[in-house]
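Here is the structure we will look at.
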Amino acid sequence: MSSIIPLFPLQLVAFPGEKLNLHILEPRYKQLIVECEKEHKSFGIPYVEDNKPKPIATEVELIAIRKTYPDGKMDISTRGKGLFKIKNFYKRLENRLYPGGEIERIVTDLEGDIVLYSKIRDMIAELYTFMHIDKEPPDLNDGFTSFDIAHKIGLASHQEYELLTIELEILRQEYLIDHLEQFLPAVKEMENLRKKIQMNGHFKNVIPPSL
């Protein structure tokens with residue numbers, strides 16, 4: 001069953017379950033946020049690539065308007081609810097400044113494989129070690145999904161969107177593992193290069209090969 005909802009196209013990918021803070025500048029989106037707060041309705045954040053909104057997007061709910069500035073700009077907090085597909089995009093909804101779309105909501109599968117989650121966690125721990133990131137990897141006991149960690153493992157925006165379009169969580173897990181298997185060697189090589197640069201000019205303990 002289709003619905004028409006307000007849309008806030010951005011050059012970023014929002015995920016279900018994600019808490020996203022936004023600074024609202026334009027009058028059309030100020031109007032969108034004010035109406036969503038007043039009418040307790042959600043809006044969608046489609047990812048924009050080449051100045052076009054992509055068809056799979058995330059519906060978000062407005063948690064709060066944290067601050068309103070004298071010029072009407074706002075700081076807001078939102079949370080991703082679920083996914084939808086844009087059937088028709090409208091640059092302006094009737095009698096509104098902001099865009100909207102006729103959408104069809106998608107049932108979001110979040111049932112992954114615990115073994116794959118464990119592998120992903122270990123790979124993230126290794127990534128953080130090599131990148132000197134003082135942050136704990138996701139805790140298996142807390143439970144996490146591919147969407148919860150997608151912003152934290154070096155995916156490009158187009159890769160984050162690709163992840164968003166994958167229907168099954170187990171396939172998203174495999175996508176992340178494939179990315180990390182390619183990304184980790186590059187990070188390790190950069191770390192080795194950094195160490196070589198730091199050692200330039202220092203005395204080196206070099207063991208010659210046996211010829």
Side-chain angles (χ1 to χ4, degrees), residues 1-24 26 28-29 31-33 35-36 39-63 76-94 96-113 116-117 120 124 138 143-183:
M1 186 175 181
S2 62
S3 305
I4 294 178
I5 68 169
L7 295 179
F8 190 169
L10 291 171
Q11 289 179 308
L12 61 81
V13 177
F15 291 108
E18 178 184 4
K19 292 181 180 179
L20 182 63
N21 297 321
L22 298 170
H23 184 59
I24 309 301
E26 298 182 42
R28 55 182 171 167
Y29 296 120
Q31 183 187 69
L32 183 156
I33 296 303
E35 290 190 4
C36 285
E39 300 174 20
H40 305 288
K41 63 184 181 182
S42 58
F43 61 97
I45 298 183
Y47 169 57
V48 176
E49 187 176 57
D50 297 327
N51 211 35
K52 295 180 180 178
K54 304 293 279 185
I56 304 300
T58 297
E59 185 174 4
V60 303
E61 59 182 341
L62 177 66
I63 298 173
I76 68 168
S77 296
T78 70
R79 181 187 293 109
K81 292 175 59 178
L83 298 174
F84 63 85
K85 181 176 182 179
I86 300 173
K87 298 175 69 175
N88 290 293
F89 177 79
Y90 309 113
K91 289 188 176 180
R92 285 182 61 174
L93 288 179
E94 187 176 2
R96 300 292 187 273
L97 299 175
Y98 53 78
E102 180 186 2
I103 68 149
E104 187 174 300
R105 290 179 175 86
I106 299 170
V107 177
T108 309
D109 173 57
L110 298 175
E111 294 296 323
D113 184 308
L116 296 183
Y117 281 135
I120 290 170
I124 292 175
F144 66 92
T145 71
S146 57
F147 292 144
D148 296 328
I149 58 173
H151 288 315
K152 304 172 184 177
I153 59 170
L155 290 172
S157 294
H158 73 276
Q159 293 173 310
E160 292 183 344
Y161 178 73
E162 286 178 3
L163 185 73
L164 198 70
T165 66
I166 299 173
E167 294 184 7
L168 300 178
E169 174 66 0
I170 195 166
L171 296 181
R172 291 193 291 269
Q173 290 177 295
E174 292 173 355
Y175 183 93
L176 295 184
I177 289 170
D178 182 64
H179 164 74
L180 287 165
E181 285 178 341
Q182 297 180 58
F183 190 53

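Below, each value reflects all heavy atoms present in this structure, side chains not excepted, and no hydrogens, waters or symmetry copies.
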Report yes if the side chains of Phe147 and Glu18 come closer than 4.5 Å at any heavy-atom pair, otherwise no. no

Worked check of side-chain contact (heavy atoms from CB on, under 4.5 Å) between Ile153 and Leu155: CA-CA 6 Å; Ile153 59 170; Leu155 290 172; 4.1 Å; yes

Mind checking side chain to side chain contact (heavy atoms under 4.5 Å, CB included) for Ser157 and listing every partner two or more places apart, or none if nothing turns up? Tyr47

dist Tyr29:OH -> Ile24:CD1 (nearest 0.5 Å) comes out at 9.5 Å

If you measure from the Lys or Arg side-chain nitrogens to the Asp or Glu carboxylate oxygens, is any gap between Glu49 and Lys54 under 4.0 Å? yes

Would you call Ile33 and Leu22 a side-chain contact if the rule is heavy atoms closer than 4.5 Å? no

dist Lys152:NZ -> Phe144:CZ (nearest 0.5 Å) comes out at 10.0 Å

How many angstroms lie between CD1 in Ile166 and CD1 in Ile56, if you round to the nearest 0.5 Å? 12.0 Å

If the condition is side chain to side chain contact (heavy atoms under 4.5 Å, CB included), which residues does Glu94 pass it with, not counting sequence neighbours? none

Where is the tightest heavy-atom contact between Ala57 and Leu164, given as atom of each residue plus distance? CA-CD2, 4.2 Å

Please tell me if the side chains of Ser146 and Leu110 come closer than 4.5 Å, counting only heavy atoms from C-beta onward. no

Do any N or O atoms from the side chain of Gln173 and from the backbone of Leu116 form a donor-acceptor pair under 3.5 angstrom? no

Of all pairs that satisfy salt bridge (Lys or Arg N to Asp or Glu O under 4.0 Å), the ones with a partner from residues 153-169, not counting sequence neighbours: Glu169-Arg172

Note, Phe15 side chain near Thr108 side chain (heavy atom, < 4.5 Å): no

Straight-line distance of Thr78 OG1 to Leu62 CG, nearest 0.5 Å: 7.5 Å

Tell me which donor-acceptor pairs under 3.5 Å the side chains of residues 1-14 have, and how far apart each pair is, sequence neighbours excluded?
residue	atom	partner	partner atom	Å
Ser2	OG	Glu102	OE2	3.2
Ser3	OG	Arg105	NH1	3.1

Residues which pass salt bridge (charged side-chain N to carboxylate O under 4.0 Å, His left out) with Glu111, listed by chain and number, not counting sequence neighbours: none

Taking only residues two or more places apart in sequence, or in another chain, which ones meet Glu181 in a side chain to side chain contact (heavy atoms under 4.5 Å, CB included)? Lys119, Met123, Ile177

Looking at Glu104 and Lys85, does any basic side-chain N land under 4.0 Å from a carboxylate oxygen? no

Side-chain touch Lys52/Phe89, heavy atoms, less than 4.5 angstrom: no

Step by step, would you call Ile76 with Asn21 a side-chain contact (heavy atoms from CB on, under 4.5 Å)? CA-CA 6 Å; Ile76 68 168; Asn21 297 321; over 6 Å; no

Could you check if a side-chain atom of Leu20 sits within less than 4.5 angstrom of a side-chain atom of Val60, using non-hydrogen atoms only? no

Asp178, CG atom: more than 12 neighbouring heavy atoms under 6.0 Å: yes

Checking Asp148 side chain against Thr145 main chain: does a donor-acceptor pair fall under 3.5 Å? yes

Looking only at heavy atoms, what is the nearest atom pair of Leu93 and Gly101, with distance? CD2-N, 4.5 Å

The reported gap from OH in Tyr175 to CD in Gln159 (rounded to nearest 0.5 angstrom) is 4.5 Å

Within 6.0 Å of NZ in Lys41, more than 12 heavy atoms from elsewhere: yes

Exactly one of Glu61, Glu59, Arg79 clears side chain to side chain donor-acceptor pair (under 3.5 Å) with Ser42, and that residue is Glu59

